[in-house]
**Student:** 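Structure below; questions to follow.
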Amino acid sequence: MKKIKMKTPLVEMDGDEMTRVIWKMIKDILILPYIDLKTEYYDLGLEYRNKTDDKVTVESAEATKKYGVAVKCATITPNAARMEEYELKEMWKSPNGTIRAILDGTVFRAPILVDGVTPYIPTWTKPITIARHAYGDVYKNTEMQIEKGSKAELKVTDKNGNEKTELIYDFSDSDGIIQGLHNKDKSIEGFARSCFNYALDTKQDLWFATKDTISKKYDHRFKDIFADIYEKEYKARFEAVGIEYFYTLIDDAVARVIRSNGGFIWACKNYDGDVMSDMVATAYGSLAMMTSVLVSPDGKYEYEAAHGTVQRHYYRYLKGEKTSTNPVATVFAWSGALRKRGELDATPELCKYADRLEKAILQTISDGVMTGDLAAISSLKNKQTVDTETFLIETGKRLWSMQDE
Ligand code: NAP
Ligand code: MG
């Protein structure tokens, strides 16, 4: 068989623990037999990050800016225990945080739906993609405890030294608390463009919601920036592909989301996104089936699985056990990245391959062959729990038989 040629390399970011093991299996079993794979390889495994003083993470993000598409394996974010385990020079920052800061992107998380696994909300027959604004608000706040008898004010000094002051609260009757939040127009604009681009890309409606009736300046600013950018830059393109941008109050959005069938993108402010993405992920059944893509406002893409390095399985693997770790979200990270590469390079064979790869995965699961986490929640009668490698080999058989379709 002739292998599919690639024009531009993918940025490949390798990672840690069980997902690093799975990474190699996926390449060997499902990718290398079909594609003349061109990647620019960056080893984001903790050992090499430590060796390079974490420069490799920055370089991988710069490469993503250059080539436009990356695929990333899950990586360890060091904590005190990891400092010892890996004899680290420093407690290096989260690679995802570093990459996101360099690309200035928004993370879109979407579940993979399969036969036999019904979401807790059974009417959600299509995926709900959550886009979380990853800057500011309560995550970069200033807080104070206030003693009774104090007066709290908000004070701003402009560039000419003029001061503007507003009373927050006069704590004459009780002790209390205050908090100062901020966001930047520039960051909100980037968030909005990432969302509009991703909606166009995936041909899905975009919903956005805040509490602008209560927060008449802060949340209202988000609403206005989205509306303004939509009108000026995206309205015509949305109409051309038949999708819609829809703004509503956050309370109304929550009610509509529950009643919906899915199939749209829900853009959320930072805190709403933090909370709602966990709710949505749980409702769809399994963290192991959640994909994640970082999209920058200027259209650079980094694909990954939403889960971590599955440490507990890795320790069992090190003892020689065959684990039944679910590789599906990591496979979809590869298919997502290869499809995007194919679109950007006008190599339709690559896009077709990505479609077949995803189809083969879904076919394998609906044939009853799956990893333990899915078997535990699947309603299929003929289900059979297999280890990761067997699952990938079974997927490979189905992928092979689709070659001449
Ligand atoms: P995790 O790796 O997501 O795993 C938590 C638990 O969820 C696992 O023990 C497993 O449950 C289940 N699980 C997750 N993915 C699975 C899969 N593919 N197949 C089957 N089961 C799966 O989270 P963690 O244990 O909290 O974190 C481990 C490391 O990952 C940490 O060092 C953290 O920093 C890192 N992390 C990285 C990323 C990223 O790179 N994007 C994201 C999150 C965490 P059972 O053990 O019950 O089977
Ligand atoms: Mg959360």
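Counting starts at 1 for both ligands and their atoms, in listed order. Count residues from 1 along the sequence.
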**Student:** Quick check on atom 38 (C) of ligand 1 - does any protein heavy atom sit closer than 4.0 Å to it?
**Tutor:** yes
**Student:** Provide, to 0.1 Å, the distance between atom 40 (O) of ligand 1 and the closest protein heavy atom, together with that atom's residue and name.
**Tutor:** Thr75 N, 3.0 Å
**Student:** Distance under 4.0 Å to a non-hydrogen atom of Lys72: what atoms of ligand 1 satisfy this?
**Tutor:** 40 (O)
**Student:** Are the aromatic rings of Trp266 and Phe208 close, with centres under 6.0 Å apart?
**Tutor:** no
**Student:** Given side chains that start at C-beta, do those of Leu167 and Lys151 come closer than 4.5 Å, heavy atoms only?
**Tutor:** yes
**Student:** Aromatic contact between Phe191 and Phe226, with the criterion being ring centroids under 6.0 Å apart: yes or no?
**Tutor:** yes
**Student:** For His133 and Phe222, take the angle between the two ring planes, folded into 0 to 90°, and tell me which bin it lands in: parallel under 30, tilted 30 to 60, perpendicular over 60.
**Tutor:** perpendicular
**Student:** Could you tell me whether atom 24 (P) of ligand 1 has at least one protein heavy atom nearer than 4.0 Å?
**Tutor:** no
**Student:** Hey, does Tyr247 have a side-chain heavy atom less than 4.5 Å from the side chain of Lys223?
**Tutor:** yes
**Student:** Between Tyr245 and Tyr234, does the ring centre distance come in under 6.0 Å?
**Tutor:** no
**Student:** Considering only protein heavy atoms, which is closest to atom 3 (O) of ligand 1, and at what distance to one decimal place?
**Tutor:** Gly308 N, 2.8 Å
**Student:** Using a plain distance cutoff, I'd like to know if Ala288 has any nitrogen or oxygen under 3.5 Å from a nitrogen or oxygen of ligand 1.
**Tutor:** no
**Student:** Please list the nearest protein heavy atom to atom 7 (O) of ligand 1 with its residue and the distance rounded to 0.1 Å.
**Tutor:** Leu287 CD2, 4.7 Å
**Student:** In the protein, which heavy atom is nearest to atom 32 (O) of ligand 1, and how far is it?
**Tutor:** Arg82 NH2, 3.1 Å
**Student:** Do Arg132's NZ or CZ and the ring of Tyr139 fall within the cation-pi criteria of under 6.0 Å and 45°?
**Tutor:** yes
**Student:** Can you confirm whether the side chains of Asn50 and Trp92 place a donor and an acceptor under 3.5 Å from each other?
**Tutor:** yes
**Student:** Using a 4.0 Å heavy-atom cut-off, say whether Asn96 meets ligand 1 through its side chain, its backbone, both or neither.
**Tutor:** side chain
**Student:** Would you say atom 1 (P) of ligand 1 touches the protein, meaning some protein heavy atom is under 4.0 Å from it?
**Tutor:** yes
**Student:** Which ligand 1 atoms does Ile76 reach within 4.0 Å, using its non-hydrogen atoms?
**Tutor:** 32 (O), 34 (O)
**Student:** List the steps, then state whether ring pair (Phe, Tyr, Trp, His ring centres under 6.0 Å) holds for Tyr303 with Trp334.
**Tutor:** CA-CA 7 Å; Tyr303 293 83; Trp334 275 98; over 10 Å; no
**Student:** Quick one, Lys7 and Thr347 - any side-chain contact, counting heavy atoms below 4.5 Å?
**Tutor:** yes
**Student:** Does the protein place any heavy atom closer than 4.0 Å to atom 12 (C) of ligand 1?
**Tutor:** no
**Student:** Identify, by atom number and element, the atoms of ligand 1 in contact range of Thr325, meaning under 4.0 Å from any of its heavy atoms.
**Tutor:** 17 (C), 18 (N), 19 (N)
**Student:** Is the Tyr230-Phe238 ring centre distance short of 6.0 angstrom?
**Tutor:** yes
**Student:** Specify the protein heavy atom at minimum distance from atom 33 (C) of ligand 1: its residue, its atom name, and the distance to 0.1 Å.
**Tutor:** Thr77 N, 4.1 Å
**Student:** Checking a contact table here: which protein heavy atom is nearest atom 22 (C) of ligand 1, and how many Å away?
**Tutor:** Val310 CG1, 3.9 Å
**Student:** Below 3.5 angstrom, do we get any N/O pair linking His313 and ligand 1?
**Tutor:** yes
**Student:** Taking N or O atoms only and a 3.5 Å limit, does Ala74 qualify as a polar contact for ligand 1?
**Tutor:** no
**Student:** Please write down residue, atom name and distance for the protein heavy atom closest to atom 45 (P) of ligand 1.
**Tutor:** Arg312 NH2, 3.2 Å
**Student:** By the definition side-chain contact (heavy atoms from CB on, under 4.5 Å), identify the one residue from Val11, Asp14, Asn96, Thr19 that meets it with Lys72.
**Tutor:** Asn96
**Student:** Polar-atom distance check: Thr309 versus ligand 1, any N or O pair below 3.5 Å?
**Tutor:** yes
**Student:** Do me a favour and list the nearest non-hydrogen protein atom to atom 19 (N) of ligand 1 with residue, atom name and distance?
**Tutor:** Asn326 N, 2.9 Å
**Student:** So for ligand 1, is Ser324 a polar contact partner (N or O within less than 3.5 Å, distance only)?
**Tutor:** no
**Student:** Can you tell whether the side chains of Arg339 and Asp355 come within less than 4.0 Å, N to carboxylate O?
**Tutor:** yes
